Number of protein chains: 2
Amino acid sequence: MRNMSDIIEQYLKQLIQDSGGEVVEIKRAHIAEKFDCVPSQLNYVIKTRFTNEHGYTVESKRGGGGYIRITKVETHSKSEYLAHLKRLIGDGVSEQNANRIIQSMFENEVITIKEAKIINAAVERETLMLELPYRDTLRASILRRVIDVILYSEE
Amino acid sequence: MRNMSDIIEQYLKQLIQDSGGEVVEIKRAHIAEKFDCVPSQLNYVIKTRFTNEHGYTVESKRGGGGYIRITKVETHSKSEYLAHLKRLIGDGVSEQNANRIIQSMFENEVITIKEAKIINAAVERETLMLELPYRDTLRASILRRVIDVILYSEE
DNA sequence: ATAATTATAGTCAAAGAAGGTCAAAAGAGG
DNA sequence: CCTCTTTTGACCTTCTTTGACTATAATTAT
């Protein structure tokens, strides 16, 4: 693994798995010490790798007995999950968030790796040769349509 | 050996062979130092000798822990077929022709039915909310990129 | 009760660490 | 010479790491 953030990401995902695949609760300072980094690096890891788009929910509490709890979004109902993603996409979506959503669909086994790559290619910045407000709108349109198709072809 | 670019090309190909013939991951700056050249020369080598057409795919990441990964892809007659489709697409393609091309890929077993549906959804008229000369241009751009991905995401 | 202290977590911007782009300069071949 | 390829370097973009400062909760002292 190439850098601290990736390592911590893997570690946290492992913790989630080990505890039944749903949730994990950590002490920020404790993890930071374990990996010998500053505490705020945990915030960075969470902000870049455990977002809604990735399919996670994060709660936390400060002060004595504080914690950070990462919960994996329920994906038992595919249609619910995909509807959730469509809501996140809305009328516009950045490339970064699109990537996260596509990755989440792959990790939740709604699409294959090849399908993920195809969808990614279709919504890349260089592919959609458009200026900025429109590009994000178009990307959202494509993604929503693609998700609809995925939804159908699941049945 | 004639020049630095050729030498680096050979070196990288050797690395791929040594590691099982599939893939190699490098640090740009490290290779540049080894051959005493500027880092951007690596980009030149990659752009001129490790393209899709050459049968390679390249991924990279910037920032701490960054890397460049070159993967060799099997290239039989399929690449010829897909290159042909890309030529057909050119700078613009109607929805009808796009449908035909997608259908053809399915019939030739380069994509699954689900992949076909996904690609179709991505290039539909209603998805690409654009007026006519631009819509066909955009559709072509998406299709060409997707075909590139299909070309190298074969495992 | 209230205030002070301690224990956590959050934010944000700067610094650092890669890789990418582009065009000018240099070199090679015809 | 002229053209095509290669080499170089200045500048750009993206991702990560770090730390000072802030916000909030629990505990302890007054």
Side-chain angles (χ1 to χ4, degrees), chain A residues 1-12 15 23-54 56-71 94-100 103 120 124-127 129 131-132 135-136, chain B residues 1-12 15 23-54 56-71:
Chain A
M1 200 54 57
R2 323 167 223 294
N3 56 40
M4 194 50 46
S5 290
D6 286 345
I7 292 169
I8 294 173
E9 173 191 359
Q10 286 315 122
Y11 176 72
L12 294 177
L15 283 188
V23 65
V24 68
E25 193 170 304
I26 58 169
K27 293 236 170 234
R28 190 180 75 150
H30 176 240
I31 304 288
E33 193 177 357
K34 179 181 179 77
F35 290 99
D36 193 31
C37 63
V38 295
S40 61
Q41 178 137 19
L42 268 291
N43 297 89
Y44 175 72
V45 171
I46 285 165
K47 189 156 50 179
T48 53
R49 291 147 162 89
F50 293 89
T51 67
N52 277 319
E53 287 80 3
H54 282 118
Y56 296 90
T57 298
V58 178
E59 304 154 278
S60 67
K61 196 173 116 181
R62 308 185 191 192
Y67 59 83
I68 298 177
R69 181 162 52 225
I70 303 174
T71 311
S94 69
E95 178 159 12
Q96 234 187 13
N97 277 140
N99 287 166
R100 289 169 176 162
Q103 192 194 331
N120 241 312
E124 268 171 357
R125 194 174 307 149
E126 308 86 61
T127 304
M129 319 149 300
E131 286 318 302
L132 231 191
R135 200 200 306 145
D136 283 2
Chain B
M1 195 59 56
R2 335 179 236 306
N3 56 40
M4 192 52 38
S5 290
D6 286 344
I7 292 170
I8 294 173
E9 174 191 0
Q10 289 313 312
Y11 176 71
L12 293 177
L15 282 188
V23 65
V24 67
E25 193 170 302
I26 57 169
K27 294 237 169 233
R28 189 179 75 152
H30 176 240
I31 303 289
E33 194 177 358
K34 180 181 178 77
F35 290 98
D36 193 33
C37 63
V38 295
S40 61
Q41 178 136 18
L42 269 289
N43 297 88
Y44 176 72
V45 171
I46 285 165
K47 191 153 38 179
T48 53
R49 292 148 161 89
F50 292 89
T51 65
N52 271 317
E53 287 70 21
H54 285 115
Y56 296 89
T57 175
V58 179
E59 302 155 279
S60 67
K61 191 174 142 191
R62 308 185 189 190
Y67 59 83
I68 298 178
R69 181 161 53 225
I70 303 174
T71 310

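For the numbers below, each heavy atom of this structure counts, side chains included, while hydrogens, waters and symmetry mates do not. Remember, predicted model here, so these are calculated numbers, not experimental data. Chain A is the first sequence line, chain B the second, and so forth, proteins listed ahead of strands; every chain is numbered from 1.
At the phosphate of D:dG9, neither OP1 nor OP2 sits under 4.0 Å from any side-chain N or O atom of B:Q41. Within the 4.0 Å cut-off from OP1 or OP2 of D:dC15, not a single side-chain nitrogen or oxygen of A:R49 is found.
At its two ends the helix from C:dA1-D:dT30 to C:dG30-D:dC1 runs along axes set 10° apart, each axis drawn from five pairs and the angle rounded to 10°.
Between the CD atom of A:E95 and the C1' atom of D:dC15 there is a distance of 14 Å, given to the nearest Å. The nearest whole Å value for the distance from the CZ atom in A:R100 to the P atom in D:dT14 is 14 Å. Protein atom CG of A:D6 is 10 Å distant from nucleotide atom C1' of D:dC15, rounded to whole Å. Residue B:M4 contributes atom CE, which lies 14 Å from atom P of C:dG27 at whole-angstrom precision. For the pair A:D36 CG and D:dG19 P, the computed distance is 11 Å after rounding to whole Å. As a whole-Å value, the separation of A:E9 CD from D:dT17 C1' is 16 Å. A:L42 has its CG atom 15 Å from the P atom of D:dG19, to the nearest Å. Taking atom OH on A:Y44 and atom C1' on C:dA17, their separation rounds to 11 Å, with Å as the unit.
Counting heavy atoms from C-beta outward, B:F50 and B:L12 have side chains that approach closer than 4.5 Å. Proximity of B:I46 to B:Y56: side-chain heavy atoms (C-beta onward) are nowhere separated by under 4.5 Å. Between A:S94 and A:N99 the shortest side-chain heavy-atom distance does not fall below 4.5 Å. Using a 4.5 Å cut-off on side-chain heavy atoms (C-beta onward), B:V23 and B:I70 make no contact. Within the 4.5 Å cutoff, no side-chain heavy atoms of A:Q41 are placed close to those of A:F35. Looking only at side-chain heavy atoms (C-beta outward), B:I31 and B:P39 stay at 4.5 Å or farther from each other. Looking at A:L42 and A:I26, their side chains come closer than 4.5 Å, going by heavy atoms from C-beta outward.
Within the nucleic acid shown, A:E59 has no heavy atom closer than 4.0 Å to any nucleic acid atom. Among the protein residues, B:R69 comes within range of no part of the nucleic acid, since none of its heavy atoms lies under 4.0 Å from any strand.
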Tabulate protein N/O versus nucleotide N/O from nucleotides 28-30 of chain C, keeping only pairs under 3.5 Å, one per line.
none

Polar atom pairs between nucleotides 27-30 of chain D and protein, under 3.5 Å, N or O only, would you list them?
none

Between N or O atoms, less than 3.5 Å apart, protein on one side and nucleotides 19-22 of chain C on the other: list the pairs.
{"from": "C:dG19", "atom 1": "OP1", "to": "B:R28", "atom 2": "N", "distance (Å)": "3.0"}
{"from": "C:dG19", "atom 1": "OP2", "to": "B:R28", "atom 2": "N", "distance (Å)": "3.2"}
{"from": "C:dG19", "atom 1": "OP2", "to": "B:A29", "atom 2": "N", "distance (Å)": "3.1"}
{"from": "C:dG19", "atom 1": "N7", "to": "B:R28", "atom 2": "NH2", "distance (Å)": "3.3"}
{"from": "C:dG19", "atom 1": "N2", "to": "B:R62", "atom 2": "NH1", "distance (Å)": "3.3"}
{"from": "C:dG20", "atom 1": "OP1", "to": "B:S60", "atom 2": "OG", "distance (Å)": "3.0"}
{"from": "C:dG20", "atom 1": "OP2", "to": "B:N43", "atom 2": "ND2", "distance (Å)": "2.7"}
{"from": "C:dG20", "atom 1": "O4'", "to": "B:R62", "atom 2": "NH2", "distance (Å)": "3.1"}
{"from": "C:dG20", "atom 1": "N7", "to": "B:R28", "atom 2": "NH1", "distance (Å)": "3.0"}
{"from": "C:dG20", "atom 1": "N7", "to": "B:R28", "atom 2": "NH2", "distance (Å)": "3.2"}

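Between the B:K61 side chain and the B:I68 main chain, no donor and acceptor come within less than 3.5 Å of each other. The backbone N or O of A:Y44 lies less than 3.5 Å from a partner atom in the side chain of A:T48, making a donor-acceptor pair.
Scanning for salt bridge (charged side-chain N to carboxylate O under 4.0 Å, His left out) contacts around A:E59 gives A:R69, with sequence neighbours left out. With sequence neighbours left out, B:R49 forms a salt bridge (charged side-chain N to carboxylate O under 4.0 Å, His left out) with B:D6, B:E9.
When each of A:R135, A:R100, A:R125 is checked for a salt bridge (charged side-chain N to carboxylate O under 4.0 Å, His left out) with A:E95, only A:R125 meets the rule.
The pair A:R2-B:E25 meets the salt-bridge criterion, with a side-chain N (NZ, NE, NH1 or NH2) lying under 4.0 Å from an Asp/Glu carboxylate O.
Nearest heavy atom pair, residue B:G64 against residue A:N3, reads O-ND2, 3.2 Å.
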